[in-house]
Each structure stands twice: as C-alpha cells, then as structure tokens.
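All values derive from a computational prediction rather than experimental measurement.
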Amino acid sequence: MSDPSNEGTDRDSLFDAPPMAEQERMVEAILFASADPVSVKDLNDRMPHGCDAAEALMHLRKRYEGRGVQVSHVGDAWAMRTASDLGFLMQRETVETRKLSRAAIETLAIISYHQPVTRAEIEEIRGVGVSRGTVDQLLEMEWIRFGRRRMTPGRPVTFVVTQEFLDHFGLESARDLPGLAELRAAGLLESRPLPSGIPMAGEGDLDAEEEFDFGQSELFED
Amino acid sequence: MSDPSNEGTDRDSLFDAPPMAEQERMVEAILFASADPVSVKDLNDRMPHGCDAAEALMHLRKRYEGRGVQVSHVGDAWAMRTASDLGFLMQRETVETRKLSRAAIETLAIISYHQPVTRAEIEEIRGVGVSRGTVDQLLEMEWIRFGRRRMTPGRPVTFVVTQEFLDHFGLESARDLPGLAELRAAGLLESRPLPSGIPMAGEGDLDAEEEFDFGQSELFED
Amino acid sequence: MTDPKDTPELQLNVIDRLAAEAFVIDVDGFEGPLDILLSMARTQKVDLRKISILDLSRQYLRFVEQAKELRLELAADYLVMAAWLAFLKSRLLLPPDPTEEGPSGEDLAAHLAFQLERLQAMRDCAAKLMARDQKGRDFFVRGILEQMERLRKVRYTATLIDLMQGYARIRTKDEFRPFVLDRQKVFTMEEALERLRGMIGFTGQWTDLDSYMPDGWHDDPVKWRSATASTFAASLELVKEGRAEIQQSESFAPIQVRRRETPRE
C-alpha cells in the first residue's frame, strides 16, 4: 500500500498493519516458498491489509546483503537466489571413465606407430576420414601433440605422441611398441583367411556400428 | 570435521579453511537451494576441505532465529523451512495431501511411538488387523520404512518412521514426539504380553484373515 | 465383497450392503472389538475390573449378533473377543481354583484395561501428531529449487592392448575380402520358378526334378548346389500354388514332379 491515496482511509484505520519487522518476515517467507519470482503487487495482495511490501523488501534486501542468499530483482518481480560466488557449491563433479572410441584408438595407434604423421596419412592408413573431434579429443587428453610441419606442399602439420601418452601406456618410447611380426606372434594380429568370403560376425558388426557412431561425423566433417 | 581425530593432521594444515563467516554463507546457500534436508556429512562433502559445517550450522541457526525462514533439524540433517506462523500467507503453495484414513493415522502413531514395531504388534495394540493397503499407503508417502527384522521366530519385519516423516511433522527426532516421556512413564509403550492361556486377537484369527483377505475389517473403520 | 464365504443371508445387493456398513460406521462409530469395549467401558465410566463382565458380555454379544446380520467378516473378527470375554467372565465368576494354572480373571481384566488404555493413548497421540504443524500446510519448503548441477567429467581411457589391436585391425584390413555376393554362380529362386513354370505345363508324368535344371549348371559343384536348391524351392512353390505334385520314394531318392491335372483354385 505504498499508494498514498490509500492511506488514512477508514478501512485502514480499522486494522493496524503488522510492524515492519513482521512484514519483512512475511516477504522473506513468501519469496522463499514461491516457485516463481513475486511482484510487489503480488506480495501486497498476499500480505495482510495495510502492509507495504516494497518497504519490507528493501529491509529484507539489506538484511541479505553479503549473505549466502541474495534478494534479487528478476524482471519486475523479486526472488531469492543463492549468491553467485557460491555457485560452485551447487555442482557436483562426477568423473566417469569411458573407453576411448574405436576411431580414436585407431587414430592414436597410427600416430604412435607412424609418427610424425599428417592427417592425410592417417586417413590413408585407416581408409576412412578422421574427424576433427577425434583429433581434438586426443589433443585434449594430451596423448598427442603437433609435431613439425612436413616440408611438402601445403606444409601440413604432423602429429606425434606425448610423454603423457608414453607414461599412460608404460612405454619408454614409441619405438618400444611391438611391431607387426610381434603382434602376429602374440595372436593380436590374426591374418584371418576367410575362404568362404563371408565376413566374420564381429568384424562386420563393429564396422557398421562405427559407421553409425563416429563414422557419420567423420564422413561429413572433413 | 568435528571429529577431533581429524584435526591437526598434515592434510588439514595444507589448506586453510575459509573463515567461519564464509562457511556460514556456504551452508546457507546449500540449505537454501535444497528442498530436502541435507546431512552434516553432505554439507562437509560439498564445502571446501577443512570446513566445519556443524559449527557453521549453529551460527546460521542463530542468525535465522525469529526470521520468516527457519533452520530446522530433521533427524541427522538440516533444512530451511518457512516459519509455521506464516503458513496463512502460503495458500498458493499449500500442497493438498491425501486424506489419511483413521486406520492409517493410528497405525502411523503406533509406529512412531513404538518403533521399531512389527505388524503383529501394531495389530495387538489396535485390536484389529492392519490392512496391507494402510501400510502401503504409509510406505508410499515415505513416512514409514522397513526397519530391521526382529530376531524372534519368523523373523518378522519391523517398521520405523522416516526422515520424511520427521520433516513433515517438524520433528527433530522421533524422541521429540509429543507426550512420549509421559507415555513411557505410564508404561504404555511397553509390550505387555497377554496372560497366557487365552486366545489373543492378534494371533489366531487375524493371521487367518490375512491369509484370505487382508483388512476386511478395516473397511469399517472410517 | 462377493466372497463365496458369505452366507446366503449376507448376499445383499451392493447398495443395501453399503447402507448397512454406513449404518455401522456412522451411527455406531465402532470399528473393532477393542473399540466397542472402549466405548462401552467409557459410557459405564467405571474401572473395567469392577464392571459387570456379564453385562458387558451381554451388550457385546448383542452387538456381535447385530453385526453378524450385516457382515460376517466383521463378526468373525469380534468372535475372538467374545470368546475372550466369556473366558474372562468364567474366571471371574468361579472361585479361584488353587490347583489350576494360568492367569486369574483379575489378571485378565487388568490386561484388558491396559490394552484399552494403551489404545486410547495411541489415539490421543495420533490426534496430537496430526494437529502438529505440517509441511506443505503450515510450513513450506524452498519454492525455487536449484538443481544440484552434475558436472559429468568423462575421462577417456585405453589400454596398450586396445592400441595394438586397433593397429592390427587397420594393418590387416587389406587381407579381408569385402563381402560381395558372387551372382555369377547363383541360380536364383525367381529364375528357377520362371523356368519351372514354363516347363511343367508339358509334363504330365513324374519327372526327376534334376532334369529341370538349366544347362551348364551341373558341372561346377557351386553352381550345381545353387541350381538344385532354387529349383527344389521353386517346385515347392508350384505345389503350393496347386499347379504341380511332388514325390520322393525314399530318403535321398530322386525327387519327382508332375503337372497337377486340375489346378486348385
């Protein structure tokens, strides 16, 4: 009732408005419990007759200055919000470990075996495009970094693996990676003769899946 | 970190905890943002290392004394709630709760005053069978939950009240139930077995009833 | 409601039954044996141990009779109490027998009094509980919830084996022959059907299926297998259409087909 024309009417004199401290409590409770910001008019409508929500608000606002919660203006209404400097308390960090995608592993493998290697070379070896996302991910993980530019036309950048990469995989140097012959001996590299010419179930499926998951972007991006 | 064994360790001394005023702000912000009570442990987990949420809470609680919003203790957790004398301002926020049957209310009272209590004991106190529907309703409202099994023949489950129950009725703990001490002094919370040699309401018939149709009797109750 | 255990006189229609139950509930307010006793004990305003158990029993049994007419389940529940009371009455009326074991009528009455007092106390507590300030009615929770933001940090990982397998996969890719169906050596079902349809019209006699195979498909075993399979499948299709009959004298004997004289429609 900040409207002066309302003051001193018969109706007002019938009821004494609650003391300002009480009005402040009311505004506090309403702002706290409201799902949406509340306008001064709404406050006045909800509070007993004769209250001055605007004044109560100012008191309340002052009271919360510097507190963990702020009384703030939202549009033409008011709301209580946690202080912005405490936003970090409202976040909970969860670390999820996920396996690197097949595209990323293959790209990483090529870089580690062929470094320094250009993107075009990676693509040639993989037989499919390499998405920017895949390379960025490996860069961000700090498993690869840019090497020297190749002294060929276009001066393409090369990629090399990092110390971080070597540490993660427990390698002294990239040269320690087992060669093809060793991979074969370890059974990791089966040269699968397929007499019937029918693709192996796993192989075909995985390719299809990759196509769907990563390949899509890879086909279009570059 | 109210645990004294944690104090003065090397780890603590590495980081200076924020000043208590700042910790109080943090607790304020966290409690403010959450509709559910937050435990001291959760507070400490979310606040920077070295904080003492329990102490900050005490300061905060004092600060909100007499305000429109209160810091209230609910079980082993804390929550902010509007002062109940201002409920009249909140018609808009009022939640229509499902009307509880008389059977449900009595069952709830028995569980809260006698917990942990088995279904047979509830029936013995009420003198009639307790329908599954009644218990289900209380479970669904999250006012009761299963407690430990009683180490008696048949290992019956027991019921206890929940934090939500305490929160709903503004109780710090089940020990604060009204009239609990008087009831205990009067011996009315004891389980006093019936002098032997006579049929007991809770034993014979009611079990049979449960077998074929639980809670017929309760249809009469309201 | 229509429990088969109901006796015939209880087979009232639903409206009658609801009315009957409403009568029990609204008018009497009785809800269970203890409740009845409680209200009776209260109206007599006396110590249970001193009241006439005989009177109490009589009143009680009268109520049970009344309830029985309305609903058997209710009465059955109450019969336990009736038995209890009858037992209690007998204990109180007979002079105590020193040789008999078990509780005295006094003990039983005392226990009954305890049960009633306890139930009343719980009812009072329930009322006090519900009269408390309640969440969502008298006090309120924070209206604007700030969701705990979950910062999901994903850490990618791979093992050396993954790496080597990945590399091996790429390096051996060339050794795989992409799967392309070799159409040259496949005699399709459609082809066989077309061929068989054209030829069967001329054959009224049992003829080996083998003789319907296309020329030049007998020599290459791969082609022979394919042509045999498709021609057999085509013959089955014609049988299904009602245009041919098929027979085989024994296992692995030649399969024979012939035109069906009167095609089924």
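- No side-chain heavy atom of Gln70(B) sits under 4.5 Å from any side-chain heavy atom of Phe139(C).
- Note: Gly136(C) leads Ala127(C), Gly143(C), Gly136(C) in heavy-atom pairs under 4.5 Å with chain B.
- Open room surrounds CD on Glu142(B); 12 or fewer heavy atoms of other groups in view lie less than 6.0 Å from it.
- Interface residue Leu177(B): only side-chain heavy atoms are found under 4.5 Å from chain C.
- Side-chain contact check for Arg142(C) versus Met80(B): every heavy-atom pair is 4.5 Å or farther apart.
- Here the NE2-SG distance, from His114(B) to Cys125(C), works out to 7.5 Å after rounding to the nearest 0.5 Å.
- Between chain C and the options Ser72(B), Ala79(B), Ser112(B), Ala109(B), heavy-atom pairs under 4.5 Å are most frequent for Ala109(B).
- When heavy atoms are compared at a cutoff of 4.5 Å, Tyr113(B) approaches chain C solely by way of its side chain, counted from C-beta outward.
- In this structure, Ala126(C) and Glu106(B) approach most closely via the heavy-atom pair CB-CA, 4.4 Å.
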With side-chain contact (heavy atoms from CB on, under 4.5 Å) as the test, would you mind laying out the steps for Arg132(C) and Leu171(B) before giving the verdict?
CA-CA 9 Å; Arg132(C) 284 185 72 84; Leu171(B) 292 161; 3.4 Å; yes
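- Side-chain atoms of Lys135(C) and Arg81(B), non-hydrogen and from C-beta on, do get closer than 4.5 Å to each other.
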Residue pair Met130(C), Leu100(B): steps toward the side-chain contact (heavy atoms from CB on, under 4.5 Å) verdict:
CA-CA 10 Å; Met130(C) 298 315 282; Leu100(B) 278 181; 4.3 Å; yes
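- Contact annotation for Ala35(B): both backbone and side-chain heavy atoms come within less than 4.5 Å of a heavy atom of chain C.
- Between the side chains of Asp138(C) and Ser84(B), no donor-acceptor pair is found at a separation under 3.5 Å.
- Shown here is Lys128(C), whose NZ atom has more than 12 heavy atoms of other residues, nucleotides or ligands within 6.0 Å.
- Atoms CD1 and CE, on Ile122(B) and Met122(C) in that order, are 11.5 Å from each other to the nearest 0.5 Å.
- If you take CG on Leu129(C) and NE2 on His168(B), they are separated by 8.5 Å, rounding to the nearest 0.5 Å.
- In this structure, the portion of Leu183(B) lying under 4.5 Å from any heavy atom of chain C is its side chain and not its backbone.
- When the candidates Leu86(B), Asp167(B), Leu108(B), Leu189(B) are compared by the number of heavy-atom contacts under 4.5 Å with chain C, Asp167(B) comes out ahead.
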Evaluate the side-chain contact (heavy atoms from CB on, under 4.5 Å) criterion for residues Glu190(B) and Arg118(C): first the C-alpha distance (whole Å), next the side-chain angles of each, then the deciding distance (0.1 Å), finally the verdict.
CA-CA 9 Å; Glu190(B) 291 163 24; Arg118(C) 185 175 57 181; over 6 Å; no
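- Note that the CG atom of Leu188(B) and the CG atom of Asp124(C) stand 10.0 Å from one another [nearest 0.5 Å].
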